[in-house]
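As the structure lists them, so they are numbered: ligands from 1, and atoms in each ligand from 1.
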Amino acid sequence: MSEILPSLTVSLGERSYPIFVGPSAASALRARIESLRAKGRRVLVVVDEALALAQGTALDDLFGDLPRALVPSGETSKNFHMLEHVCRAAAQARIDRKGALFAVGGGVTGDLAGFAAASYLRGIPFFQVPTTLLAMVDSSVGGKTGINLPEGKNLVGAFHQPAAVFACTGLLETLPPREFSAGMAEVIKHALIADAELFDLLEKQPLQTPTDPRLPGIVTRNCAIKAAVVQSDEREQAVEGGRALLNLGHTFGHAIEAVAGYGTYLHGEAIGVGLVLAGRLSAALELIDQDTVRRIETVVASANLPTRLRTPLPTDQLWEAMTRDKKVDAGEIRFVVLKDIGSARTTRSIPPPLIHQLWLTTGAHP
Ligand SMILES: NC(=O)c1ccc[n+]([C@@H]2O[C@H](COP(=O)([O-])OP(=O)(O)OC[C@H]3O[C@@H](n4cnc5c(N)ncnc54)[C@H](O)[C@@H]3O)[C@@H](O)[C@H]2O)c1
């Protein structure tokens with residue numbers, strides 16, 4: 001059989017890996033499983049429970065009788081108990097250093113299974129099979145893995161790049177529409193930081209359903225943007241720019257998630273409001289004009305994402321949550337701002353009264 005060419009490659013020296021997107025991803029995945037079997041390698045398939053119900057036949061078709069570990073759906077599965085569950089399932093499947101894990105699900109399964117792969121036997125290979133839009137365009141690429149603590153999200157983890165990513169876009173057809181929209185927040189973010197043409201495309205014709213024929217191309221484009229940023233700053237160490245650019249809208253969004261109570265907004269929904277605020281901050285710094293801010297707001301709204309708080313939240317609590325964000329460096333919040341659509345940079349020393357004013361524009365109360 002002829003080799004299936006990847007849609008793109010993440011170039012990180014000996015940690016480089018291919019990403020397969022769209023209809024060819026399933027064939028590439030089957031070929032990889034066959035080759036592992038032929039070499040006598042043992043594997044464990046870590047699967048999101050709701051996905052296993054929604055896509056049972058497709059998963060049987062892809063993974064057959066390979067041993068599986070089920071992960072209950074939802075953010076709360078990113079914990080030590082589930083890490084132990086996955087690692088013990090790996091031990092029971094007698095996975096050795098030459099074996100591998102497959103992470104099949106959204107960002108929760110990917111982060112958890114990726115961290116299990118990073119720590120089991122001090123590190124074994126793993127493959128990402130993302131099944132949410134967010135995981136396809138964002139979390140499956142870049143090698144950040146981890147779990148949460150009661151004290152905060154993603155506080156324990158490791159950088160561990162996958163050996164390959166297989167984004168079978170057909171699996172998105174059972175994704176709840178609200179989750180699809182949440183993934184669109186990261187697509188819009190990528191367009192804003194690096195791809196003005198993609199932004200125009202979304203502006204002219206919003207991407208609202210997983211059956212849109214443009215989807216595989218748009219996923220590939222997003223993976224390329226994320227790959228380029230990761231290649232330039234794999235471990236987020238750049239003093240300016242680099243991987244931190246991927247946080248556009250996130251300092252605002254994380255504050256909304258924390259103050260509203262985790263789970264009230266999906267992450268992408270909070271980022272929708274955050275992207276609009278990042279636009280307004282950029283306009284307040286005279287980097288972009290008001291018309292550009294309106295365009296951002298329209299594209300966010302067209303993805304069925306909120307552009308304002310659903311219910312008012314107190315400005316002082318939002319500010320306080322921002323100062324507790326992981327991205328605070330030496331007591332200063334590092335914001336990502338837009339120089340234009342498709343171009344971003346990091347900035348510091350934003351006066352707190354300006355941030356307070358910006359919150360008021362989203363329906364926060366003083
Ligand atoms: N590692 C990274 O670089 C990175 C980047 C961004 C986000 N994340 C993490 O990703 C997580 C969020 O990921 P997510 O938005 O994919 O959420 P998720 O994994 O919780 O999945 C969302 C929901 O969709 C369901 N689901 C998944 N695929 C489905 C399908 N095809 N059909 C039907 N239902 C399906 C799941 O059961 C779940 O209920 C967060 O924990 C976040 O911290 C990590």
Side-chain angles (χ1 to χ4, degrees), residues 10 25-26 46-59 62 70-79 82 103-115 117-118 126 128-149 152-162 165-187 189-190 210-211 215 219 222-223 225-227 229-230 233-236 243-244 246-250 253-254 257-258 262-263 265-271 305 326:
V10 184
V46 184
V47 189
D48 177 285
E49 233 168 51
L51 174 77
L53 278 176
Q55 292 283 0
T57 313
L59 295 187
L62 288 170
L70 288 178
V71 174
S73 303
E75 188 66 31
T76 49
S77 279
K78 279 173 59 173
N79 65 27
M82 286 312 300
V104 189
V108 164
T109 312
D111 281 12
L112 172 72
F115 186 42
F126 86 114
Q128 288 273 18
V129 186
T131 68
T132 63
L133 182 58
L134 178 136
M136 288 189 189
V137 300
D138 189 354
S139 62
S140 65
V141 179
K144 280 192 181 177
T145 72
I147 56 174
N148 304 327
L149 292 178
K153 276 185 67 170
N154 300 323
L155 290 184
V156 178
F159 283 99
H160 190 51
Q161 300 291 344
V165 180
F166 304 95
C168 308
T169 42
L171 290 176
L172 293 180
E173 286 182 22
T174 51
L175 188 68
R178 203 176 150 196
E179 296 288 351
F180 187 84
S181 291
M184 280 306 296
E186 307 296 348
V187 173
K189 175 194 80 180
H190 284 150
T211 48
L215 187 68
V219 169
N222 276 270
C223 290
I225 295 167
K226 175 113 189 222
V229 175
V230 170
D233 180 24
E234 187 181 1
R235 292 189 167 231
E236 201 165 342
R243 211 165 164 155
L246 298 170
N247 291 322
L248 180 76
H250 280 56
H254 287 157
E257 285 184 275
Y262 286 103
Y265 286 75
L266 292 180
H267 174 69
E269 292 171 340
I271 298 309
L305 290 165
K326 259 193 307 185

Select one of side chain, backbone, both or neither to describe which atoms of Leu134 lie under 4.0 Å from any atom of ligand 1, heavy atoms only.
-> side chain
Any nitrogen or oxygen of Gln55, main chain or side chain, under 3.5 Å from a nitrogen or oxygen of ligand 1?
-> no
Geometric N/O contact Asp48 with ligand 1, under 3.5 angstrom = yes
Atoms of ligand 1 close to Ser73 [distance to a heavy atom under 4.0 angstrom, numbered from 1] = 37 (O), 39 (O)
Report the part of Val108 in contact with ligand 1, treating N, CA, C, O as backbone and CB onward as side chain, heavy atoms under 4.0 Å; options are side chain, backbone, both, neither.
-> both
Calculate, to the nearest 0.5 Å, the distance between atoms CG and OG1 belonging to Leu51 and Thr109 respectively.
-> 7.5 Å
Going by distance only, is there an N or O of Gly107 that falls short of 3.5 Å from an N or O of ligand 1?
-> yes
Between Glu173 and ligand 1, which residue portion shows a heavy-atom distance shorter than 4.0 Å: side chain, backbone, both, or neither?
-> neither
Side chains of Glu186 and Asn222: is there a donor and an acceptor less than 3.5 Å apart?
-> no
Test of proximity, Asp138 against ligand 1: N or O pairs below 3.5 Å | no
Report yes if some N/O of Thr109 lies less than 3.5 Å from some N/O of ligand 1; otherwise report no.
-> no
Nitrogen or oxygen atoms of Thr145 and ligand 1 under 3.5 Å apart | no
Can an N or O of Glu75 be found at a distance shorter than 3.5 Å from an N or O of ligand 1?
-> yes
Indicate, as side chain, backbone, both or neither, the part of Asn154 found under 4.0 angstrom from ligand 1 when only non-hydrogen atoms are considered.
-> side chain
With a 4.0 Å heavy-atom cut-off (strictly under), which part of Leu175 contacts ligand 1: side chain, backbone, both or neither?
-> both
Does Lys226 reach ligand 1, in the sense of a heavy atom lying below 4.0 Å from it?
-> yes
Does an N or O from Leu171, backbone or side chain, lie closer than 3.5 Å to an N or O of ligand 1?
-> yes
